[in-house]
There are 2 protein chains.
Amino acid sequence: MEPNIAFISALLGDPARSRMLIALMGGKALTATELALEADVTAQTASSHLAKLVNGELLIVRKQGRHKYFQLHRADIAQLIEQLLNVTSNINHPATITGPTDPNLRKARVCYDHLAGELSIGLYDALVSKGFIIDQGFETKLTNTGRSFFHAQGVNFDKLAKARRPVCKSCLDWSERRSHLAGSLGHWILEDIFAKKWAVRDLTSRAVSFNSKGLNAFARMYNIKNII
Amino acid sequence: MEPNIAFISALLGDPARSRMLIALMGGKALTATELALEADVTAQTASSHLAKLVNGELLIVRKQGRHKYFQLHRADIAQLIEQLLNVTSNINHPATITGPTDPNLRKARVCYDHLAGELSIGLYDALVSKGFIIDQGFETKLTNTGRSFFHAQGVNFDKLAKARRPVCKSCLDWSERRSHLAGSLGHWILEDIFAKKWAVRDLTSRAVSFNSKGLNAFARMYNIKNII
DNA sequence: TCTATAGTTCGATATGCATCGAAGCATTGA
DNA sequence: TCAATGCTTCGATGCATATCGAACTATAGA
């Protein structure tokens with residue numbers, strides 16, 4: 001019968017953990033290292049705290065490559081923290097600058113074998129609004145119209161299907177903290193960009209540099225708006 | 001800067017203290033000895049806890065003779081605890097029934113200083129359907145017709161306006177997961193129910209027990225349907 | 001392959017704090 | 001005045017846990 005509000009409160013009651021949770025109030029997923037910096041503790045300590053928060057179901061975690069992205073578990077957790085902030089009348093959450101500082105990297109870069117950065121978000125949104133893909137939260141699905149579209153662009157789906165990896169996959173973007181397109185289709189799109197010489201890969205960093213003609217052509221092909 | 005939410009949460013994070021605070025959710029002021037019994041600790045331990053809670057401004061204390069009466073400091077403290085109960089019931093038994101198991105508590109109980117439970121939900125819906133209040137998600141507003149109605153029932157709005165707390169406020173119900181009416185108007189309604197002897201407050205729990213005449217009169221006054 | 005980075009586990013340390021016994025105030029009622 | 005009750009302070013004890021160094025696994029990128 002005893003609803004253990006004490007247990008939940010104790011989780012919130014540690015300064016390092018509360019700093020992490022407040023940092024996550026922005027809604028963006030943050031990595032363990034970022035949260036360690038935010039809480040001003042070492043990675044080991046942060047790992048221990050994060051394990052407790054996940055175990056206490058205050059956070060959910062998505063593993064992606066060698067990163068772990070943490071987010072508040074549900075909206076009511078955010079509401080609880082909001083209420084706490086309200087009671088303490090402490091309304092300053094210092095916004096953390098996430099991801100790379102290099103503007104070129106923020107704009108477009110390679111993520112393993114597909115496109116990441118602002119342009120990849122624009123691409124993703126455009127594909128969704130055209131009805132080519134469906135965002136289902138943790139999963140992304142290619143629709144029939146999407147399949148037709150990419151087939152017309154020269155994608156050989158039989159060949160893609162042979163590879164073990166999924167054709168269509170969402171990937172949490174490092175700088176934007178939004179889903180972008182991964183999978184073998186994401187790979188095809190990036191290779192297609194290079195093949196058409198719309199962009200070149202930077203030799204020293206992961207940045208992808210579009211030329212002006214290429215950027216326009218890219219935007220036209222996928223009907224991407226708000227290209228700066 | 002320093003997240004005071006950790007300080008407040010740590011206060012709530014001790015089992016003995018959280019038991020005391022939940023006991024005070026009934027809205028009644030309790031003495032140190034009563035709270036010690038409630039928390040199942042000795043008088044010395046309770047004294048230490050209560051000093052911390054008063055110092056942290058979660059409680060206020062009134063000395064009366066050789067007794068000390070403790071109460072929740074403000075309504076937002078009660079709301080914080082309600083939200084905590086809400087979150088813990090989401091987490092602990094996601095499959096089972098949420099909130100209190102006691103059917104009397106589910107039916108009607110005191111939430112700090114206003115009515116909670118099934119009947120409060122029925123009241124809220126009735127007020128909305130009559131156009132007396134407007135539910136705006138996070139806010140609840142009293143309409144002009146609502147103001148006229150309650151004025152006719154004897155509510156002194158000039159007096160209510162003097163208090164710092166809002167007249168009309170929504171409060172998320174622990175067992176029902178729906179908004180019910182809080183604020184000074186919610187307080188007036190509960191006091192009105194007691195004044196008209198439609199219900200009595202249980203001495204040991206937060207339950208509010210309506211007698212059959214009172215329940216009918218209550219339903220008639222506010223035009224509440226589906227009273228079981 | 002190899003190197004750098006992300007994150008975890010383990011062990012040791014230290015600190016905080018809840019708890020209660022005993023003693024001390026404070027107030028009431030006789 | 002005295003005894004009874006309500007509450008607090010002090011001191012000792014013991015447990016929980018936050019912290020970090022060092023060593024470990026896993027992944028990315030070259």
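Since the structure is predicted, the reported quantities are computational estimates derived from the model, not experimental observations. Chain naming here is simple, since letters A, B, ... match the order of the sequence lines and numbering starts at 1 in each.
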K.L.:
Can you list the residues that meet the side chain to side chain contact (heavy atoms under 4.5 Å, CB included) rule with B:N211, with sequence neighbours excluded?
P.N.:
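Applying side chain to side chain contact (heavy atoms under 4.5 Å, CB included) to B:N211 gives B:K213.
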K.L.:
If an axis is fit to five pairs at each end of the helix from C:dT1-D:dA30 to C:dA30-D:dT1, what is the angle between the two, to the nearest 10°?
P.N.:
30°
K.L.:
B:E57: what forms a side chain to side chain donor-acceptor pair (under 3.5 Å) with it, not counting sequence neighbours?
P.N.:
none
K.L.:
For A:D192, which residues count as a side chain to side chain donor-acceptor pair (under 3.5 Å) partner, sequence neighbours excluded?
P.N.:
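Per chain and number, A:D192 pairs via side chain to side chain donor-acceptor pair (under 3.5 Å) with A:K196.
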K.L.:
Going by side chain to side chain donor-acceptor pair (under 3.5 Å), name the residues that satisfy it together with B:S47, two or more places apart in sequence or in a different chain.
P.N.:
none
K.L.:
Atom pairs under 3.5 Å, N or O on each side, protein against nucleotides 2-9 of chain D: can you list them with distances?
P.N.:
unit_1: D:dT5; atom_1: O2; unit_2: B:R66; atom_2: NH1; d: 3.2
unit_1: D:dG6; atom_1: O3'; unit_2: B:R66; atom_2: O; d: 3.1
unit_1: D:dC7; atom_1: OP1; unit_2: B:K68; atom_2: N; d: 2.9
unit_1: D:dC7; atom_1: OP2; unit_2: B:T33; atom_2: N; d: 3.0
unit_1: D:dC7; atom_1: OP2; unit_2: B:T33; atom_2: OG1; d: 2.1
unit_1: D:dT8; atom_1: OP1; unit_2: B:K68; atom_2: NZ; d: 3.0
unit_1: D:dT8; atom_1: OP2; unit_2: B:S47; atom_2: OG; d: 2.6
unit_1: D:dT8; atom_1: O5'; unit_2: B:S47; atom_2: OG; d: 3.2

K.L.:
Would one find a side-chain N or O of A:H49 under 4.0 angstrom from OP1 or OP2 of D:dT17?
P.N.:
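For A:H49, the contact criterion (side-chain N or O under 4.0 Å from OP1 or OP2 of D:dT17) is not met.
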K.L.:
Just to verify, what does B:D76 make a salt bridge (Lys or Arg N to Asp or Glu O under 4.0 Å) with, not counting sequence neighbours?
P.N.:
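For B:D76 the salt bridge (Lys or Arg N to Asp or Glu O under 4.0 Å) partners, ignoring immediate neighbours, are B:R74.
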K.L.:
Less than 4.0 Å between a side-chain N and a carboxylate O, is that true for B:E82 and B:R109?
P.N.:
yes
K.L.:
Got a sec, which residues hit side chain to side chain contact (heavy atoms under 4.5 Å, CB included) with A:A10, two or more places apart in sequence or on another chain?
P.N.:
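Expected list: none.
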K.L.:
How do A:K63 and A:D40 order along DNA chain D: which one's closest nucleotide is nearer the 5' end?
P.N.:
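The residue mapped nearer the 5' terminus is A:D40.
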K.L.:
Name the first nucleotide and the last nucleotide along DNA chain C (5' to 3') that come under 4.0 Å of a heavy atom in chain A.
P.N.:
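The contact span of chain A on DNA chain C goes from C:dA4 to C:dT9.
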K.L.:
Can you list, pair by pair, the side-chain donor-acceptor contacts under 3.5 Å of residues 145-154 of chain A, counting residues two or more places apart and other chains?
P.N.:
unit_1: A:T145; atom_1: OG1; unit_2: A:G131; atom_2: O; d: 3.1
unit_1: A:T145; atom_1: OG1; unit_2: A:T143; atom_2: OG1; d: 3.0
unit_1: A:S148; atom_1: OG; unit_2: A:N144; atom_2: O; d: 3.0

K.L.:
Mind checking what makes side chain to side chain contact (heavy atoms under 4.5 Å, CB included) contact with A:S209, not counting sequence neighbours?
P.N.:
A:V200
K.L.:
Not counting sequence neighbours, which residues clear side chain to side chain donor-acceptor pair (under 3.5 Å) with B:Q44? List them please.
P.N.:
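Only B:T42 meet the side chain to side chain donor-acceptor pair (under 3.5 Å) criterion with B:Q44.
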